[in-house]
Amino acid sequence: MKLWGGRFRKEENKLMEDFNSSLHVDMRLYSEDIKGSIAHVNMLVKCELLTKEEGESIIKSLLSVLEDIESGTLVIEGDFEDIHSFVEAKLTERIGETAKKLHTARSRNDQVALDIRLYAKSKALEVIEYIEELQSNLEEKAKVNNVIMPGYTHLQRAQVVTLKHHLMAYFNMLDRDRKRVLNAIEIMNESPLGCGALAGTTHNIDREMTAEELGFSKPINNFLDGVSDRDYLLELMSSFSIIMMHLSRLSEELILWSSQEFRFISIDDAYSTGSSIMPQKKNPDAAELIRGKTGRVYGSLTSLLTTMKGLPLAYNKDMQEDKEPFFDALDTVLSCLEIMSNMISSMKVNTENMKKAVKYGFLNATEVADYLVSKGVAFRDAHSIVGSIVIYCEDHNKAIEELTPEELKSLNPLIEGDLYAFIDYQNILNKGIKVNLLK
Ligand code: ARG
């Protein structure tokens, strides 16, 4: 069944019909479509554009369609252009003539804009819940792992940090992600219903009423903008891309840390896989997949940005292409957040190996320079003195704190026995501004 056809002399080409149909994609908007129609009907009744009886009959039938879809008795399939046509066709099958009045003062342009906005808003709230879950798992893991580890720059051992501090860096990144998604929700929280095809309607409708019933803060000001705005999808996909970038960086760390070269953590068997040929292998597939799927979410963002960039106002059919990338980006970010949450909570930490890496990485070299500064040496000179101490240690296969007082003295006469406490890793972390690393 078509929602149009009156002005056509010829049947639509079958190939064109398939090409035009978006039902297989937008079918997931069925409950938003029905919810939006119910609000629209309530408003039409209040504005006396439908009788009370007509309104009741349409709403009752819309609810029965919803119930049947949800119970599986009504399957969304067939030769329909989209979910809006499908729902209206089912309504017509059930109540006949009255169903034809549902679309009074509405266009599919404001209808689809409404459906996708409602859907995006509720799913964005779900993304926030998933982010919070991951944040809480990171915080839990961090709390019980206030242990020293090497901190890196250029992936070279640099200075001592704690695993807690390292994991909490991701907690903070995710906190910004959460705020970005919340901000996008706040900006999108306006109702497009009643914008019509592009220029509103001559009927005396109440847009405030539908906006309120559907949980929006207000109706959208400009009709042309209301039907053609997809900024909120782009904004959400930008936020999803940044979330994925963060998850991908964390994945990269987990992949490195679980390698034989680092052996800082082991990823739980439940989130690893084996090799079909090498029996000893345990691969960090979950982390690798998250890293890999990041490109896919960036791709979705780029896809819709490109679709939108040349469109004149107002609605253009190109916009039907907004859903696939958005749904794909959304599904991907939700599953990656969930997998990462589970991987973090189930991973095992190898405290001893992290300690060892600290010890043989000269991670207290900067503090030896600070010590010399405290004895009156200029920092640049201290830096070079410590450089030669490191060479000496490498030649003798020792950590700085393993050098004897005599060796230290011979390397620089200003070095006394108090150096050992000064460069002790725990003491370093307890000191001054670094106390934050232990919190
Ligand atoms: N399936 C369409 C979409 O997703 C619905 C709107 C169709 N509007 C139109 N004027 N053909 O954009």
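Please read all numbers here as calculations on a predicted model, not as lab measurements. Below, all heavy atoms of this structure are taken into account, side chains as well, without hydrogens, waters or symmetry copies. Just so you know, residue 1 is the first one in the sequence shown, and it goes up from there. Note that ligands are numbered from 1 as they come in the structure, with each ligand's atoms numbered from 1 the same way.
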| Shortest protein contact, atom 7 (C) of ligand 1 (heavy atom only) |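 Result: Tyr315 OH, 3.6 Å.
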| request: Report the nearest protein non-hydrogen atom to atom 11 (N) of ligand 1: residue, atom name, distance rounded to 0.1 Å. | output: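 Protein heavy atom at minimum distance: Arg108 NH2, 3.6 Å.
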| message | For His166, run the ring-ring contact (aromatic ring centres under 6.0 Å, His included) check against Phe171, Trp257, Tyr152 and tell me which one passes. | response |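 Output: one option passes, namely Trp257.
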| Any N or O of Asn109 that comes nearer than 3.5 Å to an N or O of ligand 1? |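 Checking ligand 1 against Asn109, an N or O pair does fall under 3.5 Å apart.
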| For Glu81 and ligand 1, does the shortest N/O to N/O distance drop below 3.5 Å? |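 In fact, backbone or side chain, Glu81 has no N or O that close.
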| field | Flag, side chain of Ser64 to backbone of Ser61, donor-acceptor distance under 3.5 Å | value |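 Present.
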| Lys NZ or Arg CZ of Arg157 over Phe362 ring: under 6.0 Å, within 45° |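 Checked: cation-pi criterion not met.
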| Lys/Arg cation over aromatic Tyr232: Lys121, 6.0 Å, 45° cone |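 No, cation not above the ring by the 6.0 Å, 45° rule.
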Ligand-side contact atoms (ligand 1) for residue partner [X], heavy atom cut-off under 4.0 Å:
X: Asp82; result: 1 (N), 2 (C), 5 (C)
X: Ser22; result: 1 (N)
X: Gln320; result: 1 (N), 2 (C), 3 (C), 4 (O), 12 (O)

| said: Using a 6.0 Å cut-off, check whether atom NZ of Lys282 has over 12 heavy atoms from anything other than its own residue. | reply: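 Count over threshold, so yes.
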| message | Checking Arg249 against His246: is there a side-chain donor and acceptor pair closer than 3.5 Å? | response |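 Result is no, nothing qualifies.
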| To which of Gln111, Lys323, Met319 does the heavy atom nearest atom 4 (O) of ligand 1 belong? |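 Residue with the shortest heavy-atom distance to the ligand atom: Lys323.
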